[in-house]
Amino acid sequence: MNKDSLIKYILGIADNSLILGQRLGELTGHGPTLEVDIAMTNISLDLFGQVRSYFQYAAQLSEDDKTEDDFAFLRTEREYVNVLLVEQPNRDFGYTIARQFLFDHFHFLLLNEMQNSKDETLVAIAKKSLKEVSYHRRFSSDWVKRLGDGTEESKRKIQLAINDLWRFTEELFQKTEADLEAIKAGIGVETDKIKGKYLENVSAVLEEATLQKPKLEFFQEGGKKGIHSEHMGYLLSDMQYMQRTYPGMKW
Amino acid sequence: MIEEKVHISEELEPILKQVSDPEIPVLSIIDLGVVRSAEFNNGIAEIKITPTYSGCPAMDVIGDDIKAALLEAGYKAKVDLILSPAWSTDWITEEGRQALEDYGIAAPLEASADKKALLGETQVVKCTNCKSKNTQMVSQFGSTACKALFKCNDCQEPFDYFKCLI
Ligand SMILES: [Zn+2]
């Protein structure tokens, strides 16, 4: 496949981690307890680490002399191709956990499949990241169970969060043109193949958490095409502030 | 278990042994298992290191420290970060495990025991202070990406446990 499409494919995976990492990073010093605060910022750090590997690879592939920072900080909103799920704000703890839970289960299965890619660099990143994401998935699943099977209040809140975020789950499996090209080249993950397992794994946790799996007919999409929700602009202005104010600045 | 040969030149090893992980100063990078090769190429010492966790902020510092240590010993050095094969806690040497324990960080258990410990199914992580196994996990995520937080139910001391990663 050509380099431009490969870069687009890589960004489709990397942007999810970048934006979710940024959302979790917002909780630094604001977690409900010290342990949870540390856990969520650790997950954020893992995601940023993974993002750096993807962006460094994309920079290496790009014709002009782009760096990893150009991908992270200097694109416009329309150029980010993360799914809508990960840009949703931290409303309350249940909401943050539900968002994490719905993403972690997808992320784990995606990386698991990516280990069979024909692209060596993506295989290396997948193998490395998978070990970390299995901890993320355990953390968020444990909390879904704890909140679901917890007090009346915690159960109500986590159920509301799952209900609200469920509409973004379909987009995880959607394929862009770059995705289709990557799949054809044996590089990309065929998301149809992991969807069944995803629903199965997520349902099993929800059941153990005594929560209801939402029944929805309409799903929301757009992020993968660069059409984001109203929350994205605020997130980017925060994330890009330093590079926009002092272009080219370094620590 | 990942079998992966490490090539470290005898000449360079003692110098690299003096470089440590800035977050775990008692542990040399050789004992941590992050140095995957250290060889001369046209007179330049080429060092390949691999991160413990993707986002490990120590890696940049470790790279700089390696260059500084080698420069001081009179070598020109080049440091590359490689991702494959992915680092595993199995690569921590016996000496390294001992250094961790002495420092107050419980060394990683093998995978199945680790999982049970982190799920709270068994009490197998030994308190680094009083050696009691009557310990419990406080958080799967600890002070750095590679650690979980535990506490001892006997002596009440909190301590870090180096998570298993294979
Ligand atoms: Zn103790």
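Values reported hereafter were calculated over all heavy atoms of this structure, with side chains retained and with hydrogens, waters and symmetry mates removed. Chain letters run A, B, ... following the sequence lines, proteins first and then strands; every chain starts at 1. Everything quoted here is computed from the prediction, not taken from an experiment.
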- Message: Distance check, rounded to the nearest 0.5 Å: B:Ser84 atom OG versus A:Glu120 atom CD?
- Response: 8.0 Å

- Closest heavy-atom contact between A:Asp142 and B:Gln140? OD2-NE2, 3.4 Å

- Distance col, row A:Leu45:CG vs B:Tyr53:OH, nearest 0.5 angstrom, shows 11.0 Å

- Could you go through the side-chain contact (heavy atoms from CB on, under 4.5 Å) check for B:Ser88 and A:Lys131 one step at a time? CA-CA 10 Å; B:Ser88 143; A:Lys131 296 178 176 193; 4.1 Å; yes

- To the nearest 0.5 Å, tell me how far B:Trp87 CH2 sits from A:Lys128 NZ. 7.5 Å

- Item | Over 12 non-hydrogen atoms of neighbours within 6.0 angstrom of NZ in A:Lys145 | yes

- Item | More than 12 heavy atoms of other groups within 6.0 Å of B:Asn42 CG | no

- Task: Using a cut-off of 6.0 Å, state whether more than 12 heavy atoms not belonging to A:Tyr241 lie near its atom OH.
- Result: no

- Item | Within 6.0 Å of CZ in A:Arg146, more than 12 heavy atoms from elsewhere | no

- Got more than 12 heavy atoms from elsewhere within 6.0 Å of CD, B:Glu95? no

- Measure from the side-chain N and O atoms of A:Asp46 to the backbone N and O of B:Gly55, and report whether any donor-acceptor pair falls under 3.5 Å. no

- Item | Side chain B:Lys163, main chain A:Tyr135, donor-acceptor under 3.5 Å | no

- Message: Is it the case that atom CD in A:Glu207 sees more than 12 heavy atoms from other parts of the structure closer than 6.0 Å?
- Response: no

- Query: Contact part of A:Phe48 toward chain B, heavy-atom cut-off under 4.5 Å: side chain, backbone, both or neither?
  - Reply: neither

- Item | Greater than 12 external heavy atoms within 6.0 Å of A:Lys155's NZ | yes

- Task: Check A:Glu132 against B:Ser54 and note the closest heavy-atom contact, atom names and distance.
- Result: OE2-N, 2.6 Å

- Item | Residue B:Thr144 versus chain A: region with a heavy atom under 4.5 Å | backbone

- Item | A:Ser53 to B:Leu83 - nearest heavy-atom pair and separation | OG-CD1, 3.7 Å

- Within 6.0 Å of NZ in A:Lys157, more than 12 heavy atoms from elsewhere: no

- Out of B:Thr50, B:Leu149, B:Val138, which one racks up the most heavy-atom pairs below 4.5 Å with chain A? B:Val138

- Rounding to 0.5 Å, atoms CG (A:Asn42) and OG (B:Ser139) come to a distance of 8.0 Å

